[in-house]
Every structure is written in C-alpha cells, then in structure tokens.
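Encoded as structure tokens, the structure appears first; notes follow it.
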There are 2 protein chains.
Amino acid sequence: MTLTRAERRARTERRILEAARGLFAERGFERTTIRAVAGAAGVDPALVMQHFGSKQGLFERAVQVAGDDAERLVDDLLGSLGVKLGELPQSSLAVMRSMLTHPEAAASARATFSGQIERIAAAIEGGDATPKAALITLVLLGVTIGHQLLDLDELRDVPPDEVARLLRPALQALT
Amino acid sequence: MTLTRAERRARTERRILEAARGLFAERGFERTTIRAVAGAAGVDPALVMQHFGSKQGLFERAVQVAGDDAERLVDDLLGSLGVKLGELPQSSLAVMRSMLTHPEAAASARATFSGQIERIAAAIEGGDATPKAALITLVLLGVTIGHQLLDLDELRDVPPDEVARLLRPALQALT
DNA sequence: CAACTTACTCAACAACCGTTGAGCGAACAA
DNA sequence: TTGTTCGCTCAACGGTTGTTGAGTAAGTTG
C-alpha cells in the first residue's frame with residue numbers, strides 16, 4: 001500500500017505551510033500569491049483554498065507557531081543577557097516582514113511584543129519598568145530587522161555572538 | 001485672471017505628491033493604489049500616470065526628500081545624544097513602511113542607513129566602529145518602528161524626551 | 001466486490017490592478 | 001480673434017489576483 005489518506009493529507013498540508021512560511025518570510029503577505037505558494041508546494045492553487053479557506057487563513061496557520069520562539073528569545077535575554085541573534089524561525093520572520101503593511105500581521109506583532117514587554121518589565125526593578133522593557137524589545141527588533149530582513153552589509157559578516165557582545169552593555173543600561 | 005497654467009500644474013502635482021506620501025506612509029507601497037492617491041488628491045488616476053510615468057515613479061518622487069531629515073536625525077544623535085524621536089516626515093515614514101516588502105524601498109533604506117552608519121562610525125573612537133555604528137542606527141530604527149509605525153501601547157503616552165532620556169545611556173554604551 | 005468518501009485538479013469567474021489612447025475645454029501665442 | 005498647446009477626464013484594455021464549483025481518480029468502508 002502506498003500511503004493512508006490522512007497521512008497524505010497531513011503531509012501535503014505540511015508541505016503547503018512550509019512553502020507559505022518561506023514565501024511570506026521572504027516577500028511579505030501582499031507580494032506572496034496563493035499561486036506561488038501552490039507552485040512551490042507542487043500543488044493546485046485551489047487545494048490551498050480548500051485547506052485553509054483563504055489567503056488570510058493560510059497566513060495565520062503558517063505563522064501560528066511564532067509565539068514560543070519569541071519567548072525563548074526573551075528568556076535568553078533575561079537569563080544571561082546573551083542575546084540570541086541567529087536565524088529566527090521563518091514563521092517569526094513572516095510576521096515581521098509583513099507587520100508594517102498587513103494590518104493583521106501588525107496586530108499579531110503587537111500582541112507578541114506586548115507579551116514580551118510585560119515579561120521583561122516584571123524583571124526590571126525600579127521605576128520606568130514598562131517603557132524600559134519596551135525599549136529593550138525594540139532594540140532587539142531593530143537589530144533583527146537590520147540583520148535578518150534588510151541584510152545590511154555592515155552587519156552581514158559580524159558573527160552573532162560578536163553582536164551580542166557589543167549589545168550587552170547597551171541592554172544593561174536599559175535595566 | 002484665475003491662475004496661470006504652470007501654477008496650476010505645479011499645484012496639482014504637489015497635491016498628488018502630498019496624498020501619495022500620506023498613503024504610502026500609512027499603508028506601504030503595495031496597499032497604496034494609484035486610484036486611491038488620485039482620489040485623495042481629487043484627480044483622475046490617468047493624470048497621476050501622466051505626471052509620474054508609473055507607480056514606481058510616483059513613489060520615488062514622493063520619497064525623494066527623505067535624505068536630509070535622516071541626516072538631521074543623526075546630527076542630533078551625534079551632537080548631544082539627545083535623540084529626536086518626534087514625528088518623522090511622511091516621506092521617511094513611507095520608505096520605512098515599505099522597506100520590508102518593496103525591493104526598491106529596501107534599497108533606498110539600505111542606502112540611507114549605510115550613509116548614517118558611515119557618518120556615525122567616523123565619530124566613534126576605538127575599535128569596532130562600524131558594527132557599533134550599525135547597532136546605534138538599528139536601535140533608533142527599532143524604536144522608531146515601534147513608536148511611529150506599530151504605534152505600541154507601551155510607548156504611545158511616553159513623551160519623546162522621556163524616551164530620549166531612557167535611551168541615552170544605552171546609546172552611550174555603544175560608543 | 002460495490003458504494004461511498006475525499007484529496008486533488010481543471011477551468012473559469014469577478015474584481016481589481018497599473019496603464020494607455022482618444023478627446024474636451026481652457027490657457028496660451030500670433 | 002484664430003490656431004495651437006496642454007492640463008485634465010473618460011473609457012477601456014490586458015493582466016493578475018483571490019476564490020469557486022464541477023469533475024476525476026484513488027483510498028475507505030460494508
């Protein structure tokens with residue numbers, strides 16, 4: 001026997017989501033077409049609709065797992081101030097890539113950041129905890145955007161732990 | 001007499017550019033349609049094409065003046081470490097809003113940031129000047145994105161000079 | 001085996017997009 | 001005033017997009 005039906009379905013669904021994550025992360029929501037996702041997954045565009053209902057539904061499912069990694073990022077930050085600036089998962093990159101132009105991605109990003117800020121603020125003693133925590137989060141956001149999404153020349157060949165080393169005193173100053 | 005022909009032309013062109021800047025800054029390149037710009041300017045879509053050749057041409061003209069203000073931002077930073085975090089001009093916001101999804105906006109942003117980084121690096125003594133300057137630029141980018149584009153709750157009611165005050169030691173640590 | 005379910009494809013629709021060419025009316029030059 | 005220029009509108013084209021309904025073949029169930 002070749003493959004059970006549920007297995008095939010789950011497998012193609014996973015393949016579609018993988019292709020969607022890659023394209024959303026690379027091009028953002030608007031510039032990613034359902035046809036392109038279907039093509040990358042070796043599947044008919046109509047099947048994508050049948051699985052996820054709409055392009056927006058596809059985006060939500062493709063991005064769903066972003067939360068956990070975001071928390072891990074903050075844990076690294078809080079625990080040792082050794083910032084993890086390596087490759088972010090594509091689901092997180094997809095949200096970041098789209099958050100400035102796609103309203104729902106913006107909402108998702110805001111929610112994630114608010115969660116981060118709250119957790120960081122709880123670990124800061126003294127006044128101004130919330131704005132400080134917000135700034136810490138945005139510092140990491142800026143560096144991540146420049147490094148992962150804009151791919152700036154000036155940072156491309158700098159190893160991640162070198163970036164972390166340079167950034168540590170600055171983050172310390174925000175605590 | 002009502003109005004000279006050149007005056008009328010220049011005036012409507014200015015009106016179109018103003019509408020374009022507002023929409024590009026608010027929605028980004030992809031979600032801004034020529035029809036919407038024309039509508040906001042009280043003009044026929046075809047006229048926009050006639051003036052700027054293409055949507056891309058319109059974007060370039062609408063964004064052209066972004067460079068000077070970017071330099072002013074860095075001057076404030078370098079001069080007194082009093083970071084100017086007030087309202088950025090719409091042309092700068094338009095580039096930022098679009099830079100993660102529109103390739104040409106990304107190129108424009110990269111060029112602006114590279115210029116900034118070079119100038120900041122020249123003012124930093126000691127080693128690691130370039131990566132440090134890059135990080136300073138990205139810190140400001142992150143804060144600006146969170147404040148102006150994402151409009152985070154946690155920063156909305158914090159006055160700009162308060163943000164500058166909190167940020168100053170962190171930027172100092174990167175010098 | 002037969003009846004049914006379902007993952008999947010094919011072809012098409014309706015809407016919207018950027019873009020274009022023809023035409024109108026008012027400012028201009030003579 | 002007469003002829004010309006030109007800012008501007010109108011209507012439409014071709015292409016792409018998200019989305020849908022019918023059809024097919026293969027897995028499932030009895």
Side-chain angles (χ1 to χ4, degrees), chain A residues 1-24 26-63 94 97-98 101-105, chain B residues 1-24 26-63 94 97-98 101-105:
Chain A
M1 192 223 267
T2 51
L3 217 55
T4 173
R5 193 132 69 172
E7 278 175 338
R8 271 198 69 83
R9 181 184 174 83
R11 195 168 298 201
T12 59
E13 184 158 316
R14 224 173 303 135
R15 198 154 26 109
I16 294 173
L17 282 175
E18 203 170 329
R21 268 189 283 266
L23 289 173
F24 281 139
E26 185 183 325
R27 311 180 187 175
F29 183 84
E30 294 89 359
R31 282 188 125 87
T32 298
T33 67
I34 286 197
R35 282 171 226 269
V37 172
V43 140
D44 191 272
L47 186 64
V48 178
M49 297 300 297
Q50 202 169 119
H51 273 248
F52 304 100
S54 66
K55 184 184 177 182
Q56 175 60 31
L58 172 64
F59 183 77
E60 287 169 5
R61 285 286 308 275
V63 145
R97 176 77 74 186
S98 306
T101 47
H102 186 47
E104 317 243 10
Chain B
M1 190 223 268
T2 52
L3 216 55
T4 172
R5 193 133 68 172
E7 278 176 339
R8 271 196 70 81
R9 181 183 173 85
R11 197 169 295 205
T12 59
E13 184 159 314
R14 223 174 303 134
R15 196 151 29 97
I16 294 173
L17 282 175
E18 202 170 330
R21 268 189 282 267
L23 289 173
F24 281 139
E26 184 183 327
R27 310 181 187 175
F29 183 84
E30 294 88 358
R31 284 186 123 89
T32 298
T33 67
I34 286 197
R35 286 169 163 85
V37 172
V43 140
D44 191 272
L47 186 63
V48 178
M49 298 300 298
Q50 202 170 118
H51 271 250
F52 304 100
S54 67
K55 185 184 178 182
Q56 174 61 30
L58 172 65
F59 183 78
E60 288 170 4
R61 285 285 308 274
V63 145
R97 177 76 75 186
S98 306
T101 47
H102 186 46
E104 316 243 12

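Proteins come first, then strands; the chains are lettered A, B, ... in the order of their sequence lines, and each starts at number 1. Atoms considered below: every heavy atom in the structure, side chains included; atoms not considered: hydrogens, waters and symmetry mates. It should be emphasised that the depicted structure is a prediction, and the values quoted were computed from it without experimental measurement.
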Between atom CD in A:Glu7 and atom C1' in D:dT28, what is the gap in whole Å? 14 Å

Just by distance, no angles: are the side chains of B:Thr101 and A:Glu30 close enough, under 3.5 Å, to form a donor-acceptor pair? no

If the cut-off is 4.0 Å, is A:His51 near the phosphate of C:dC8, judged by side-chain N/O to OP1 or OP2? yes

Atom-to-atom span, CD1 of B:Ile34 to C1' of D:dC13 - whole angstrom: 16 Å

For B:Asp44 and C:dG25, give me the distance from atom CG to atom C1', rounded to whole Å. 15 Å

Does the side chain of B:Thr4 get closer than 4.0 angstrom to OP1 or OP2 of C:dC28 through an N or O atom? yes

From C:dC10, D:dT9, C:dA12, nucleotide with atom closest to B:Leu47 side chain: D:dT9

Distance in angstrom units between A:Arg27 CZ and D:dT17 P, rounded: 10 Å

Where the side chain of A:Gln50 is concerned, which of C:dC8, D:dT19, C:dG18 is the nearest nucleotide? C:dC8

Can you tell me how far C1' of C:dC8 sits from CD1 of A:Ile16, to the nearest Å? 10 Å

Given C:dG21, D:dT28, C:dT19, the nucleotide with the shortest approach to the side chain of B:Met49: C:dT19

Distance-only polar pair, side chains of A:His102 and A:Gln56, donor-acceptor under 3.5 Å: yes

So does B:Thr12 get a side-chain nitrogen or oxygen closer than 4.0 Å to the phosphate oxygens (OP1/OP2) of D:dC8? yes

Is a donor-acceptor pair below 3.5 Å formed from side chain B:Arg5 to base D:dT5, judging by atom type as modelled? yes

Where the side chain of A:Val43 is concerned, which of C:dT9, C:dG18, D:dT28 is the nearest nucleotide? C:dT9

Taking atom P of C:dG18 as reference, at what distance in whole Å does atom CD of B:Gln56 sit? 12 Å

Mind listing the closest non-hydrogen atom pair of B:Pro103 and A:Arg31 along with its distance? CD-CZ, 3.8 Å

Here the pair of heavy atoms bringing B:Ser98 nearest to B:Phe24 is OG-O, 4.3 Å

Minimum-distance nucleotide to A:Arg35 side chain [options: C:dA12, C:dC28, D:dT9]: C:dA12

If you only use heavy atoms from C-beta on, which nucleotide in D:dG7, D:dT19, C:dG18 is closest to the side chain of B:Arg9? D:dG7

Roughly how many Å is it from CZ in A:Arg11 to P in C:dC8, rounded to a whole number? 11 Å

Whole angstrom value for the distance that separates P of D:dT19 from CZ of A:Phe52: 13 Å

Side chain of A:Arg8, base of D:dG27: donor and acceptor closer than 3.5 Å? no

Mind telling me whether A:Phe29 and A:Phe59 have parallel, tilted or perpendicular rings, with 30° and 60° as the class edges? perpendicular

Among C:dG18, C:dG21, C:dT19, which nucleotide has an atom closest to any side-chain atom of B:Ala46? C:dG21

